[in-house]
Novice: 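Before we start, here is the structure in question, set down as structure tokens.
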Protein chains: 2
Amino acid sequence: MDNSALQEKVKSVFVLYLKGKGGRCTPERLEVLKTVVDIPSHFKLDTLMELLVQKNFRVSRTTLYNTIYELEDAGIVSACRIGHDMYYEMSFERPRHHHQVCTRCGRITEFQNIELDEAIAKAKYRRFTMADYTLSVYGICTSCVTQMRREEKKKKNKNINKQ
Amino acid sequence: MDNSALQEKVKSVFVLYLKGKGGRCTPERLEVLKTVVDIPSHFKLDTLMELLVQKNFRVSRTTLYNTIYELEDAGIVSACRIGHDMYYEMSFERPRHHHQVCTRCGRITEFQNIELDEAIAKAKYRRFTMADYTLSVYGICTSCVTQMRREEKKKKNKNINKQ
DNA sequence: GTCAGTGCAAACTTTTTGCAACTAC
DNA sequence: GTAGTTGCAAAAAGTTTGCACTGAC
């Protein structure tokens, strides 16, 4: 599906959702949605704000929060806490994925793993019916490992020179 | 291991950690640690504050944050975001577990699942070395399901009486 | 015309920071 | 004695709320 087709589809879902609850299709909501759909992965509310400013579309923080919550409710956007920050991302028709957080550089990347998803879906829960889940994995990304090795080498060389 | 043995063990770990980095064993830190060890599961910083107040032990918020961060660093406490709130829990010598969050009543319970842990440990990650992870499962707990059914029944009965 | 939605400012919550006084070592 | 810690108060960051005005229906 190309971007404009996705845009249309998501928009119609949101419009239907709004109609269903007696909500209104304001230009703010539609523009926020459009911007969100164009973001390829997770984003902070601040980033979304900036993107809208870049488009010369002024929205208040209040409306941004309001709209994001509506989008969550409509099942188009999902929220997740990573570390100390709140991130959002379009979840509509995106395959499920998880987040890898590098505890050194802070970069957050995504990975998919169907076996894992199945294991979580099949797991037995205590007096509980699972509907959704978030998995965040913490560790070190390979580029940080490389960098750390390089730094260590430098340190060792310095020590040798000192002796 | 009974509670006082655990208390001793955890304390010695913390003291060693503090010595190792040239930190100091202040009465505040030791009392916070003792209180944390006595909490059976996850807690908010505010709850910890209240428990200390109940003990007539005055600590400032600043010190509480400071100490919790030290405890995290020492590997005694781990932090996790659930929904909009930050929780802490003693992780020292506790088996790994995950959180089930009921999206209706907000109650957070724990569950263990070794197969899941193994699946996560064995999973292939993209340019990344996994060190730790958090899994939060969202859904409805059985007591909420029961309550919802009861309410639905009541509603139906009302409608029948109206007709 | 009506009522939901918007934007602003202010409030609120949680966490961080600067600094003087204190105290563990 | 001295450096790490504490507690306060203020600042900062993120989110929510009250309210008058606006505009989608």
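In what follows, chains carry the letters A, B, and so on, assigned in the order in which the sequence lines appear, proteins first and then strands, with residues in each chain numbered from 1.
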Novice: So which pairs with a foot in residues 130-139 of chain B pass side-chain hydrogen bond (donor to acceptor under 3.5 Å, both in side chains), sequence neighbours left out?
Specialist: B:R96-B:D132, B:R96-B:Y133, B:D117-B:Y133
Novice: If you look only at pairs with a residue in residues 112-131 of chain A, which of them pass as a ring-ring contact (aromatic ring centres under 6.0 Å, His included), with sequence neighbours excluded?
Specialist: A:Y125-B:F111
Novice: Which residue pairs pass the ring-ring contact (aromatic ring centres under 6.0 Å, His included) test with at least one member in residues 20-42 of chain A, sequence neighbours excluded?
Specialist: A:H42-A:Y87, A:H42-A:H99
Novice: Mind checking which nucleotides bracket the chain B contacts on DNA chain D, 5' to 3', with an atom under 4.0 Å from a heavy atom?
Specialist: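 Contact boundaries, 5' end first: D:dA3 to D:dA9.
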Novice: Residues sharing A:I114's hydrophobic cluster, by side-chain heavy-atom contacts under 4.5 Å among ILVMFWY, directly or via others?
Specialist: none
Novice: Counting only heavy atoms not in A:R107, do more than 12 fall under 6.0 Å of its CZ?
Specialist: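 Result for CZ/A:R107: open.
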Novice: Taking ring-ring contact (aromatic ring centres under 6.0 Å, His included) as the cut-off, I'd like each qualifying pair that reaches into residues 10-36 of chain B, sequence neighbours left out, listed once.
Specialist: none
Novice: Name all pairs fulfilling the salt bridge (charged side-chain N to carboxylate O under 4.0 Å, His left out) condition that reach into residues 118-127 of chain A, sequence neighbours left out, sorted by first residue then second.
Specialist: none
Novice: Give the B/S/- string for nucleotides 4-14 of chain C, one per nucleotide from 5' to 3', where a protein heavy atom under 4.0 Å of the base yields B, of only the sugar-phosphate yields S, and otherwise -.
Specialist: BSSBBB----S
Novice: Measure the angle between the two terminal helix axes of the helix from C:dG1-D:dC25 to C:dC25-D:dG1, five base pairs each, and quote it to 10°.
Specialist: 30°
Novice: Roughly how many Å is it from CD1 in B:I68 to P in C:dT15, rounded to a whole number?
Specialist: 11 Å
Novice: My understanding is that only residues two or more places apart in sequence, or in another chain, count here; which of them pass ring-ring contact (aromatic ring centres under 6.0 Å, His included) with B:F43?
Specialist: none
Novice: For A:I140, what are the other residues in its hydrophobic cluster, where any two members join if their side-chain heavy atoms are less than 4.5 angstrom apart?
Specialist: A:V145, A:M148
Novice: For A:Y88, enumerate each residue passing the ring-ring contact (aromatic ring centres under 6.0 Å, His included) test, keeping only those at least two apart in sequence or located in another chain.
Specialist: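 For A:Y88 there are no ring-ring contact (aromatic ring centres under 6.0 Å, His included) partners, ignoring immediate neighbours.
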